[in-house]
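Some notes on the structure that comes next.
In what follows, chains carry the letters A, B, and so on, assigned in the order in which the sequence lines appear, proteins first and then strands, with residues in each chain numbered from 1.
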2 protein chains.
Amino acid sequence: MSPRTEPTVPKAHAKAATLRKSAPVFAALGDPTRLRLLGALCAGGAMSITQLTAGSAITRQAVTRHLDILAGAGLVSDVRQGRERLWQFEPTRLHEARRSLEAIGQQWDQALQRLRTAVER
Amino acid sequence: MSPRTEPTVPKAHAKAATLRKSAPVFAALGDPTRLRLLGALCAGGAMSITQLTAGSAITRQAVTRHLDILAGAGLVSDVRQGRERLWQFEPTRLHEARRSLEAIGQQWDQALQRLRTAVER
DNA sequence: GAATCATGCAACCTCGCAGTTGCATTTATC
DNA sequence: GATAAATGCAACTGCGAGGTTGCATGATTC
């Protein structure tokens with residue numbers, strides 16, 4: 001076998017798997033209310049449910065459900081402190097999702113370049 | 001007026017607006033079937049509806065609906081060619097969405113750093 | 001320990017999404 | 001021009017998401 005394996009094509013299977021894995025993250029990001037909550041947590045640090053409900057037009061229970069969905073996607077986490085429950089931003093999954101989008105873009109660029117070389121010759 | 005305006009703080013309002021604008025893009029990306037379609041279009045170039053339906057377990061009409069949703073988010077576009085309708089990937093909105101995620105991450109990093117300096121003094 | 005604040009739990013409603021089936025329409029092909 | 005292929009259009013079903021109201025529970029504070 002050749003001493004160096006070919007790293008030029010990083011396996012389309014793995015890319016597709018990573019992409020499919022981040023589908024729930026995108027689904028969680030696909031709601032304006034949840035994006036607003038995420039932005040608030042990201043800018044203001046840890047906040048309680050009532051604090052997050054304060055500026056909104058929806059009910060505390062609705063906010064709770066949205067926070068549960070964000071937590072299910074791994075985008076936020078909660079910590080109990082006394083009688084209130086503090087929610088905080090969790091950046092890991094967001095970075096993974098961003099890398100997934102980058103991977104799609106790069107795959108697109110590669111496909112485009114292959115098409116160009118195929119047309120030229 | 002000063003010859004250079006201050007570009008250090010790019011306005012949290014603008015960030016929130018950009019973020020909210022890309023909510024439908026994330027919603028469109030939040031479905032495994034649509035991610036699969038997008039991946040196929042991205043790797044294989046322009047494809048017809050029947051071609052995209054071929055490998056799938058769902059109906060042609062369902063694929064059509066998913067493509068309409070992707071088109072509504074500006075992620076794909078269609079071109080009629082003869083009796084078939086070719087769909088192709090559209091990278092602009094995807095790049096915008098990626099930049100939105102980057103903006104969130106940077107905002108988070110800045111907030112974290114502000115918190116650290118506030119604790120230290 | 002009684003009032004109060006923050007949250008949890010559960011039932012209920014509405015609406016849109018994902019998917020289907022059936023049939024009509026346009027375009028190639030022979 | 002008849003047949004077949006690719007798509008368009010419309011109605012229907014099932015189900016889960018988003019939101020609400022009402023009441024119960026746990027933690028603070030006086």
Side chains of B:L67 and B:D78: does their closest heavy-atom pair fall under 4.5 Å?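 The answer is no, as the side chains (C-beta and beyond) never meet within the 4.5 Å cut-off.
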Can you check whether any acceptor in the base of D:dG8 is under 3.5 Å from a donor in the side chain of B:R85, or vice versa?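 Answer no: no donor N or O sits under 3.5 Å from an acceptor.
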Can you check whether A:Q51's main-chain N or O pairs, donor with acceptor, with A:S48's side chain at less than 3.5 Å?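 Side chain of A:S48 to backbone of A:Q51, a donor-acceptor pair under 3.5 Å: yes, one is there.
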B:L52 backbone acceptor or donor facing B:S56 side chain under 3.5 Å: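 Here the side-chain-to-backbone pair does not exist.
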Rounded to whole angstrom units, what separation is found between the [atom1] atom of [X] and the [atom2] atom of [N]?
X	N	atom1	atom2	value
A:I58	D:dG18	CD1	C1'	9 Å
B:Q61	D:dC12	CD	P	16 Å
A:D31	D:dG19	CG	P	6 Å
B:R80	D:dG8	CZ	P	5 Å
B:E84	D:dA6	CD	C1'	7 Å
A:L37	D:dG18	CG	C1'	13 Å
A:Q81	D:dA27	CD	C1'	13 Å
A:R65	D:dT20	CZ	C1'	11 Å

Between B:A97 and B:V25, which heavy-atom pair has the shortest distance, and what is it?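 Answer, listing the atom of B:A97 first, then B:V25: CB-CG1, 4.0 Å.
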Quick check: closest heavy atoms across B:C42 and A:A111, and the distance to 0.1 Å?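 Shortest heavy-atom separation between B:C42 and A:A111 comes out as O-CB, 3.6 Å.
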Looking at [N], I'd like to know if its phosphate oxygens (OP1 or OP2) sit under 4.0 Å from a side-chain N or O belonging to [X].
X	N	result
A:T33	D:dG18	no
A:H66	D:dG19	yes
A:R34	D:dG18	yes

More 5' along DNA chain D: A:A57 or B:T50, using each one's nearest nucleotide?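 Looking at the nearest nucleotide for each, B:T50 comes out on the 5' side.
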Of B:Q51 and A:R60, the one whose closest DNA chain D nucleotide lies more 5':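 The residue mapped nearer the 5' terminus is B:Q51.
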Provide the start and end nucleotides, 5' to 3', of the part of DNA chain C that has atoms under 4.0 Å from heavy atoms of chain B.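 So the contact region on DNA chain C extends C:dA18 to C:dA28.
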Regarding B:T59, tell me which of base, sugar-phosphate or nothing describes its non-hydrogen contacts under 4.0 Å with the strands shown.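 Answer is base: heavy atoms of B:T59 come under 4.0 Å of a base.
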Sole residue of B:Q106, B:R99, B:R98 in side chain to side chain donor-acceptor pair (under 3.5 Å) with B:E102: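 Result: among B:Q106, B:R99, B:R98, B:R98 is the only option passing the side chain to side chain donor-acceptor pair (under 3.5 Å) with B:E102.
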Should we count CZ of A:R65 as having more than 12 external heavy atoms under 6.0 Å?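 Check fails, neighbour count at 12 or below.
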What nucleotide among D:dT20, D:dG8, D:dA6 has an atom nearest to a side-chain atom of B:I49?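 Selected nucleotide (nearest to the side chain): D:dG8.
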